[in-house]
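This report concerns only the one structure given below.
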Amino acid sequence: QVQFAESGGAMVHPGGSLNLSCLCNEDISSHLIGWYRQRPGESREEIARVGGRAFTWYEDSVKGRFVISRDFGKRTVYLQMTHLNAEDTGVYYCRRPGFPDWGQGTQVTVSS
């Protein structure tokens with residue numbers, strides 16, 4: 001069973017940066033993996049995806065501010081977040097799109 005463990009969430013001021021990590025319990029080189037955000041009171045939404053040789057996709061609200069990357073040797077997918085604002089507050093998860101392998105998530109709070 002594929003499992004993910006997210007980490008790196010914290011409280012930051014508007015305009016700040018954070019780097020999130022998503023550790024997988026198996027090889028990620030063949031997997032399409034996405035980062036998801038769940039804002040308070042809302043459903044989870046996919047905000048970035050990585051897969052294949054160098055395929056990446058970003059949701060419009062994070063395009064130009066977030067970067068998704070991966071390290072096959074560490075079985076980890078990263079999300080570098082910059083220029084954070086209050087709308088980025090939420091719990092961040094990673095998973096393979098379409099599969100029920102949600103982790104516990106990591107909390108990101110952007111507040112002054």
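Numbers here are sequence positions counted from 1.
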**OP:** Among residues two or more places apart or on two chains, list those pairs meeting side-chain hydrogen bond (donor to acceptor under 3.5 Å, both in side chains) that have a residue in residues 70-86.
**Re:** none
**OP:** Any salt bridge (charged side-chain N to carboxylate O under 4.0 Å, His left out) involving residues 12-22? Give me the pairs, sequence neighbours left out, ordered by first then second residue.
**Re:** none
**OP:** Please list, chain by chain and in numerical order, all residues satisfying side-chain hydrogen bond (donor to acceptor under 3.5 Å, both in side chains) with T109, sequence neighbours excluded.
**Re:** Q107
Original post:
Could you give all pairs that pass the salt bridge (charged side-chain N to carboxylate O under 4.0 Å, His left out) test and reach residues 8-27, with sequence neighbours left out?
Top reply: none
Original post:
Less than 4.0 Å between a side-chain N and a carboxylate O, is that true for E42 and R37?
Top reply: no
**OP:** Determine which pairs satisfy disulfide bond (SG atoms under 2.5 Å apart) with at least one residue from residues 60-93, sequence neighbours left out, and list them in order.
**Re:** none
Subject >> Partners meeting side-chain hydrogen bond (donor to acceptor under 3.5 Å, both in side chains) with R44 (sequence neighbours left out) >> reply: Q38, Y93
Original post:
Is any NZ, NE, NH1 or NH2 atom of the basic residue among D88 and R39 found under 4.0 Å from an Asp or Glu carboxylate oxygen of the other?
Top reply: no
Subject >> Non-hydrogen side-chain atoms of W35 and I68 separated by less than 4.5 Å >> reply: yes
Original post:
Do I28 and V77 have side chains that get closer than 4.5 Å, going by heavy atoms?
Top reply: yes
Original post:
Remaining members of F55's ILVMFWY cluster at a side-chain heavy-atom cut-off under 4.5 Å?
Top reply: L32, W57
Original post:
Do you reckon L79 sits in the same ILVMFWY cluster as L23, going by side-chain contacts under 4.5 Å, direct or chained?
Top reply: no
Original post:
Taking ILVMFWY side chains as joined if any heavy atoms are under 4.5 angstrom apart, and letting links pass through other members, which residues group with F99?
Top reply: none
**OP:** Could you tell me which residues satisfy ring pair (Phe, Tyr, Trp, His ring centres under 6.0 Å) with Y36, sequence neighbours excluded, listed by chain and number?
**Re:** W102
Subject >> Pairs touching residues 1-19 that satisfy side-chain hydrogen bond (donor to acceptor under 3.5 Å, both in side chains), sequence neighbours left out >> reply: none
**OP:** With sequence neighbours excluded, tell me which residues meet side-chain contact (heavy atoms from CB on, under 4.5 Å) with V108.
**Re:** L18, L20, M81, Y92, V110
Original post:
Which pairs count as salt bridge (charged side-chain N to carboxylate O under 4.0 Å, His left out) when at least one residue sits in residues 89-112, sequence neighbours excluded?
Top reply: R96-D101
